[in-house]
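Treat the numbers as computed from the prediction; the structure is a model and nothing was measured. Computation of the quantities below employed the complete heavy-atom set of this structure, encompassing side-chain atoms and omitting hydrogens, waters and symmetry-equivalent molecules. Below, chains carry the letters A, B, ... as their sequence lines are ordered, and counting in each starts from 1.
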There are 2 protein chains.
Amino acid sequence: MKKLSGDILKSSALSITSSRTKILDIFLSSPTALAHQDIELKCKEKYDRVTIYRTLQTFMEKGIIHTIPSSDNITRYALCNDECIVAGHHHDNHVHFSCDACGKTICLDDTQIPTVKLPIGYHAHEINMIVSGVCKTCK
Amino acid sequence: MKKLSGDILKSSALSITSSRTKILDIFLSSPTALAHQDIELKCKEKYDRVTIYRTLQTFMEKGIIHTIPSSDNITRYALCNDECIVAGHHHDNHVHFSCDACGKTICLDDTQIPTVKLPIGYHAHEINMIVSGVCKTCK
DNA sequence: GTAACTGCAAAATATTTGCATCCTT
DNA sequence: AAGGATGCAAATATTTTGCAGTTAC
């Protein structure tokens, strides 16, 4: 059962505005992670570019979405699930997959990041694993 | 024993120019990964910003350096070691660490990325693991 | 009604491209 | 000498900031 954008905004103590609802709905209905530009295209001249920047920033601060590291200088965002926020800080523990063929990035929600032993003196706070290759639909 | 920039350029069939030598030397003497801006600062008005862009691009194409994925929209580069290029494609198998305190990113050359089992239908080509936290010197 | 959100303009920053000149081989 | 590399100018793209008008509660 899908969450409703309004409920998410309410539980984050954000006022329910047209742009936030729209952008959140886009995330809720997207199977892939989204870059600023993706959202801009999906909004089709409906909202200002700046509003999208600010909305994404607000969602980040509230822990509604998280960023996915990438090598290509494009910040992509995906919805956090409930387990994402543990003891106050962001902590999403799943692998991200980036398809070389279709270019899409998705969260492999059921694929846990394996543990890794760091050299002495290093303390991990957050771990990201990004696998690139060919996805299910492109293979 | 450290490699020499000249040798690296020669073995990549690149002509030995002042800017390439300088930028490569910066990498050879840097314990951390470097962003375009870091290099610009270390060059101190010596080379044009565009030259640095193009040099980094060239080094990437030749497999001399690799990028490290990040969430902050900054592309950081680090030298590839010999094992980086396996069977024609880039394949660096070590963990990258990004320190929240000093902001530096380093290659943990001796920390291998653990294997991960992907869902059926997904085929990995390259795997990146970025751990953020507090590094040895900042702890 | 008030505080917060949005759109527009513009500034600041980052990256790419074209071209004439210079350097490496 | 020839081809490639560099520097400069400028085009393009991206992100941030300020402010006035609008909207949610």
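- A:Ile52 places its CD1 atom 12 Å from the P atom of D:dT15, with the value rounded to the nearest Å.
- A:Leu14 has its CG atom 10 Å from the P atom of D:dC25, to the nearest Å.
- Residue A:Arg20 is in sugar-phosphate contact alone, with no base atom involved, counting any heavy-atom pair closer than 4.0 Å across all strands shown.
- The CG atom of A:Leu56 sits 10 Å away from the P atom of D:dT15 (whole-angstrom rounding).
- Contact detail for A:Phe97 and A:Gly133: the closest heavy-atom pair is CZ-C, 3.6 Å.
- Distance from the side chain of B:Ser15 is smallest to C:dT25 among C:dT25, D:dT6, D:dT14.
- Rounded to whole Å, the distance from NZ on A:Lys10 to C1' on D:dA24 is 13 Å.
- Counting to the nearest Å, the P atom of C:dT16 and the CZ atom of B:Arg54 are 11 Å from each other.
- Here the side chain of B:Thr51 is nearest to one of D:dG7, C:dT15, C:dT25, namely D:dG7.
- Nucleotide C:dC23 holds its C1' atom 16 Å from the CG atom of B:Asp48, rounded to whole Å.
- Both B:Val50 and B:Ser19 sit near DNA chain D, but only B:Ser19 has its closest nucleotide nearer the 5' end.
- Ring-plane geometry between A:His66 and A:His96 is classed as tilted, the angle between the planes lying from 30 to 60 degrees on a 0 to 90 degree scale.
- Within a 6.0 Å radius of CD in A:Gln37, no more than 12 heavy atoms belonging to other residues, nucleotides or ligands are found.
- Here the P atom of nucleotide D:dC25 and the CG atom of A:Leu9 are 9 Å apart, to the nearest Å.
- One atom, CD of A:Glu40, and another, P of D:dT14, lie 9 Å apart when rounded to the nearest Å.
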